[in-house]
Amino acid sequence: MKILENLFNKHGAKINAFANNKYVSSVRDTFISTLPLIMPASFFILFTQLALNNLFGLPVFLGEEHGLVTYLTDVSQVLVDGTLNMFALFACFKLASLIAMKEGRDPIATGLVALAAFFIMTPDFSIAYASSRGLFSAVLIAIMATRLFHALTASDRLKIKMPDQVPPAVAKSFAELLPATLTLSLFAAFSGVFAIYNTSMPDMITLLIQAPLSNVAGNVWGILTLDVIQNMLWIFGIHGGAVLGGVRSLLFGPMQDDNLRAVAEGSAMWDLPHDVTWLSYDLYANIGGAGASLALVIAILMVSRRAHYRTVAKIAIVPCIFNICETAVFGLPIILNPLFAIPFVVAPTLMLGFASFMTYIGFVPPLGILVPWTTPVGFGAFLASGGAWQAFVVAIGCLAIGIMVYLPFVRYANKVAEPGELVDEKEKEPELNANIAASETKA
């Protein structure tokens, strides 16, 4: 613990600087801000999975060829095509506009230039490039186009200045005309180089970057590695989700989108392309928030005798049910607390390992439908699996594992408590003081 504490004391500023870097934070905020576009598709996919289920849904009662069944299927596909299958486009525009806002530039103009650059670099445009397959390209092109466009607009020589009588909107458009033209022309020249070799930037990125990273991140070991790092950051007071949010979304987002799109296209929940994604971690291991905080809070309420811990746990239990961990993490606190550092990292790791094993042996289907991160334990996995009761059972089993991991440490916390910290000692104090007073009176 001391070694890790010294390490983070030495490099904590660098880690926080990385998290607050405008590009890293903008990538993270981009994925967060696109949720209003992604969640409606997820909700409707969930609805159609239940309503059109061949075991208990409308096809059983109305028949697979019924007009209502066909209508719901078509509506689901249209919604997916307009949201999930356009995700890279949304990410490209939003990322460029966020960077522009942080630099005090025009976010709309920058976003449009970046989006145009993305189309230029993707000459054989298709749904595949607009969806998660083109996500890496979208991020890189958005950053490069933004940097170039802003560098050119900073030059007064490239600004076409209009008379004062011209409306501001028109004058602004002319001021950005040459920088935008040069930026897009340069991207067109690069696109021509790729065309000489019968390829494109998205194809090259998929081949050289995205595919290898997917092989690393697209399995339980990659998720476990990021899980351990993220929870270790929390222990030292660094918001692990904030630091690694952009990296996590970039690595694991495409696989999660693959599963969701497969569900939308009619694939059975048991036949999704990826058995384990970050959604599995969220719903099976991140129960209650970072470090499986709900398991810790329940363990404290079960066996802890420390007054402070029990008071915090009673306050934190409701937020933790909805996966909001800050009350527990900062109230106990978990930060630099050697008593809970080990289970805070080990508990979610074992929980995800158990859930992955149950998925691997075929007891529970993979999770493919996005649900709000505040969905309580069990219900989130049930909905994300398309209504599989096995997912609910596995999630509750994961919670039980987390509680069992925390229990020995909570009991040990009772043993090393300072005098007066334990609940039973505080209850005995009034009685003891009364007895002392009575003895002194008799004397």
Side-chain angles (χ1 to χ4, degrees), residues 30-54 57 69-94 118 122 124-139 202-203 205-206 210-211 213-215 217-219 222-223 248-283 359 364-373 380-381 383-388 391:
T30 294
F31 287 96
I32 295 173
S33 62
T34 53
L35 282 178
L37 299 174
I38 303 302
M39 292 309 297
S42 300
F43 280 128
F44 201 82
I45 291 171
L46 174 61
F47 168 74
T48 55
Q49 280 292 303
L50 298 175
L52 303 179
N53 192 289
N54 291 325
V69 174
T70 303
Y71 172 76
L72 290 176
T73 302
D74 293 340
V75 170
S76 176
Q77 186 59 49
V78 170
L79 185 60
V80 170
D81 286 342
T83 54
L84 286 177
N85 289 340
M86 296 289 118
F87 187 68
L89 300 184
F90 301 147
C92 182
F93 178 85
K94 186 64 178 182
F118 180 75
T122 314
D124 297 326
F125 188 77
S126 66
I127 291 295
Y129 292 118
S131 61
S132 58
R133 180 181 175 185
L135 188 57
F136 268 72
S137 298
V139 169
D203 287 332
I205 290 175
T206 300
Q210 189 165 344
L213 286 177
S214 297
N215 291 333
N219 58 71
I223 298 175
R248 184 185 64 219
S249 299
L250 205 55
L251 287 177
F252 300 102
M255 283 157 285
Q256 199 162 281
D257 291 342
D258 287 344
N259 276 6
L260 185 57
R261 190 163 52 255
V263 174
E265 292 172 353
S267 176
M269 296 302 299
W270 300 88
D271 300 324
L272 299 184
H274 304 287
D275 289 340
V276 180
T277 66
W278 194 262
L279 184 62
S280 307
Y281 173 78
D282 276 339
L283 300 180
T359 306
V364 63
L367 304 182
I369 302 173
L370 295 179
V371 296
W373 62 273
L383 296 174
S385 64

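Because only heavy atoms are used, hydrogens play no part in the values below, and waters and symmetry mates are left out as well, while side chains stay in.
Heavy-atom minimum distance, Trp270 versus Pro366: CA-CD, 4.1 Å. Closest of all the heavy-atom pairs between Met269 and Pro365 is O-CB, 3.8 Å.
Residues Val371 and Leu283 form a side-chain contact, since some pair of their non-hydrogen atoms from C-beta on lies under 4.5 Å apart. Annotation: side chain of Leu370 is in contact with side chain of Leu279 (closest heavy-atom distance under 4.5 Å).
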Working for side-chain contact (heavy atoms from CB on, under 4.5 Å), residues Leu272 and Val263: CA-CA 7 Å; Leu272 299 184; Val263 174; 3.5 Å; yes
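Looking at Asp282, Asn259, Leu367 one by one, the single match for side-chain contact (heavy atoms from CB on, under 4.5 Å) with Thr277 turns out to be Asn259.
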